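When a ligand or atom number is given, it counts from 1 through the structure's own listing order. None of the values given here were measured: they were computed from a predicted structure.
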Amino acid sequence: MSKSLIVITGASSGIGEATARLLSAAGHPLLLMARRVERLEAMQLPNTLSRHVDITDRVSLLAAVAEAQSLFGPADALINNAGVMLLGEMSKQDPAQWDQMLDVNVKGLLNGIHAVAAGMVERKHGTIINVSSVAGRKTFPNHVAYVGTKFAVHGLSENLREELSPHNVRVVTIAPGAVDTELLSHTTDEEIKTGYRAWKRDMGGTVLSANDVASAIVYAYQQPQNVCIREIVMAATRQQA
Ligand code: NDP
């Protein structure tokens, strides 16, 4: 039987890219979205549509999903992964950075849900996997606005799970600790970045890899449809916080 379409946001690096590679190897057609479309295309995955989409732009996200579904059939899963982490002290941080995190991590994630939820409810089949963070369950220094967005992801995901469960649609929350990706590079405060890198070094250089998290995402998706892994919380063994 041919495999169903899977939609992945933020597939141009890190966890999204690793998940795209695993799900493609498992035989799924994919819709990959990010702003750096050239990195999506460079993966050269078969049966894959790569589209330049800023997930805060609802119209272009919806258009990409519609185009992919016309090519490959209905989307059976959404990996709602795109996100930004701009760490900062509230007394000093440029409010434009909170705006960006709320727009991408919360409103962009809702745009992804909006694009697929109605179809999944109608078909009584589907899986929405929202990538939150351990910072969606507990606080960390210099994370105030980021923690705010990830607590939102945890809260809305559990509420969405309740709402979609009578329709046989699964909602899964993935909550990783520190992962070795480009995520930290967008923080502009050099002192905070240095401190964060030292924290990662204190774990003996053994933070999670993007592939570790991608494997957990694939594990949750590959369960039978009647099994919903509600949440996966994972971190390096040596991550204490
Ligand atoms: P990366 O920075 O490597 O990847 C982030 C991805 O999000 C990129 O593909 C980027 O693509 C995309 N993205 C960012 N903004 C937008 C936007 N406006 N529109 C579309 N795509 C966008 O980091 P990670 O792989 O680590 O991050 C993936 C998720 O994992 C995030 O939600 C993050 O919060 C979460 N996470 C990460 C942890 C970590 O320690 N790394 C820990 C816990 C959770 P492009 O720039 O090309 O648009």
Side-chain angles (χ1 to χ4, degrees), residues 7-22 30-43 50-62 64-65 78-87 96-97 99-112 115 129-140 142-143 145-154 156-157 172-187 193 196-197 199-200 203 206-217 231-236 239 241:
V7 175
I8 307 177
T9 67
S12 60
S13 62
I15 296 166
E17 178 183 342
T19 305
R21 291 186 190 282
L22 290 184
L30 301 176
L31 167 62
L32 306 182
M33 292 184 274
R35 293 162 304 172
R36 292 170 297 173
V37 71
E38 65 289 351
R39 291 185 53 160
L40 304 176
E41 286 163 352
M43 282 192 265
S50 297
R51 283 291 172 261
H52 177 288
V53 172
D54 181 327
I55 61 161
T56 65
D57 178 352
R58 190 177 302 137
V59 172
S60 81
L61 192 155
L62 288 172
V65 171
L78 164 67
I79 317 299
N80 227 346
N81 160 78
V84 279
M85 179 180 78
L86 306 169
L87 302 181
Q97 299 197 341
D99 287 344
Q100 189 185 347
M101 286 191 284
L102 284 157
D103 286 346
V104 177
N105 300 2
V106 183
K107 291 168 73 178
L109 183 116
L110 288 169
N111 286 338
I129 299 185
N130 291 332
V131 179
S132 184
S133 171
V134 168
R137 317 175 88 244
K138 65 198 289 284
T139 60
F140 291 87
N142 305 313
H143 276 59
Y146 182 73
V147 154
T149 66
K150 292 300 188 180
F151 269 65
V153 174
H154 260 76
L156 71 86
S157 297
V172 179
T173 307
I174 306 287
V179 189
D180 197 12
T181 69
E182 296 176 15
L183 192 72
L184 179 67
S185 67
H186 307 292
T187 287
K193 277 205 275 199
Y196 195 96
R197 288 196 194 100
W199 176 61
K200 288 212 273 193
M203 293 177 221
T206 55
V207 298
L208 298 177
S209 70
N211 209 54
D212 294 330
V213 183
S215 301
I217 291 170
E231 184 182 6
I232 296 179
V233 185
M234 60 190 296
Q239 178 171 334

Run the numbers for me: atoms of ligand 1, each under 4.0 Å from some heavy atom of Tyr146, listed by number.
33 (C), 34 (O), 36 (N), 44 (C)
Is Gly16 close to ligand 1, meaning an N/O of one under 3.5 Å from an N/O of the other?
no
Got a sec, which residues hit ring-ring contact (aromatic ring centres under 6.0 Å, His included) with His143, two or more places apart in sequence or on another chain?
Phe140, Tyr146
I need the Ile174 CD1 to Met234 CE distance, nearest 0.5 Å.
8.0 Å
Would you mind finding which of Gly14, Gly83, Ser60 brings a heavy atom closest to atom 5 (C) of ligand 1?
Gly83
How far is atom 44 (C) of ligand 1 from its nearest protein heavy atom, and which residue and atom is that?
Ser132 O, 3.1 Å
Out of curiosity, is Asp54 lining ligand 1, as in a heavy atom under 4.0 Å away?
yes
Test of understanding: given a 4.0 Å heavy-atom threshold, classify the contact between Val104 and ligand 1 as side chain, backbone, both, or neither.
side chain
Does even one non-hydrogen atom of Gly108 get within less than 4.0 Å of ligand 1?
no
Ligand 1 atoms in contact with Ala178 (distance to a heavy atom under 4.0 Å):
40 (O)
For ligand 1, which part of Leu208 has a heavy atom less than 4.0 Å away: the side chain, the backbone, both, or neither?
neither
Trace of the side chain to side chain contact (heavy atoms under 4.5 Å, CB included) decision for Arg35 with Ser12:
CA-CA 8 Å; Arg35 293 162 304 172; Ser12 60; over 6 Å; no
Sequence-distant partners of Phe151, ring-ring contact (aromatic ring centres under 6.0 Å, His included), two or more places apart:
none
Heteroatom distance test (Pro176, ligand 1): nitrogen or oxygen, under 3.5 angstrom
no
When His154, Glu231, Arg137, Lys150 are each screened for side-chain hydrogen bond (donor to acceptor under 3.5 Å, both in side chains) with Ser132, the one that passes is His154
Out of curiosity, Glu17 CD to Glu182 CD, how far, rounded to the nearest 0.5 Å?
8.5 Å
Kindly compute the distance separating CG (Leu110) from CG (Leu61), expressed to the nearest 0.5 Å.
11.5 Å
Check whether any N or O atom of Ile55, backbone or side chain, sits under 3.5 Å from an N or O atom of ligand 1, and answer yes or no.
yes
Kindly determine whether Glu41 and Arg36 satisfy salt bridge (Lys or Arg N to Asp or Glu O under 4.0 Å), including the steps that lead there.
CA-CA 9 Å; Glu41 286 163 352; Arg36 292 170 297 173; over 6 Å; no
Nearest 0.5 Å, please: how far is NZ in Lys193 from CG in Leu184?
6.5 Å
Without swapping roles, check the side chain of Thr187 against the backbone of Met85 for a donor-acceptor pair under 3.5 Å.
yes
Below 4.0 Å, non-hydrogen atoms only: which portion of Ala135 touches ligand 1? Side chain, backbone, both or neither.
neither
So which of Thr173, Asn130, Asn105 actually passes side-chain hydrogen bond (donor to acceptor under 3.5 Å, both in side chains) with Asn80?
Asn130
Under 4.0 Å from a heavy atom of Ala11: give me the atoms of ligand 1 that qualify, with their elements.
9 (O)
Could you give the distance from OG1 (Thr181) to CD1 (Ile15), rounded to the nearest 0.5 Å?
6.0 Å
For ligand 1 and Val179, I'd like to know whether there is a polar contact (N/O to N/O, distance under 3.5 Å).
yes
The closest protein heavy-atom partner of atom 26 (O) of ligand 1 is Thr181 OG1, 2.6 Å
Ranked by distance from atom 14 (C) of ligand 1, the top protein heavy atom is Arg35 NH2, 3.4 Å
For ligand 1, note which part of Ala210 has a heavy atom under 4.0 Å away: side chain, backbone, both or neither.
neither
Atom 38 (C) of ligand 1 - nearest protein heavy atom and its distance
Leu183 CD2, 3.7 Å
Taken to the nearest 0.5 Å, the spacing of Leu22 CG from Ile79 CD1 works out to 10.5 Å
What protein heavy atom lies closest to atom 25 (O) of ligand 1? Include the residue and the distance to one decimal.
Ile15 N, 2.8 Å
Evaluate side-chain hydrogen bond (donor to acceptor under 3.5 Å, both in side chains) for Asp212 paired with Ser209, printing each intermediate quantity in order.
CA-CA 5 Å; Asp212 294 330; Ser209 70; 3.2 Å; yes
Test your reading of the structure: does Ser133 have an N or O sitting under 3.5 Å from an N or O of ligand 1?
no
Shortest protein contact, atom 20 (C) of ligand 1 (heavy atom only):
Val53 O, 3.3 Å
Just to be sure I read this right, does ligand 1 sit under 4.0 Å from the backbone of Lys150, its side chain, both, or neither, counting only heavy atoms?
side chain
min-distance protein heavy atom vs atom 21 (N) of ligand 1 -> Ala82 CB, 3.6 Å
The protein heavy atom nearest to atom 1 (P) of ligand 1 is Ser13 OG, 3.4 Å
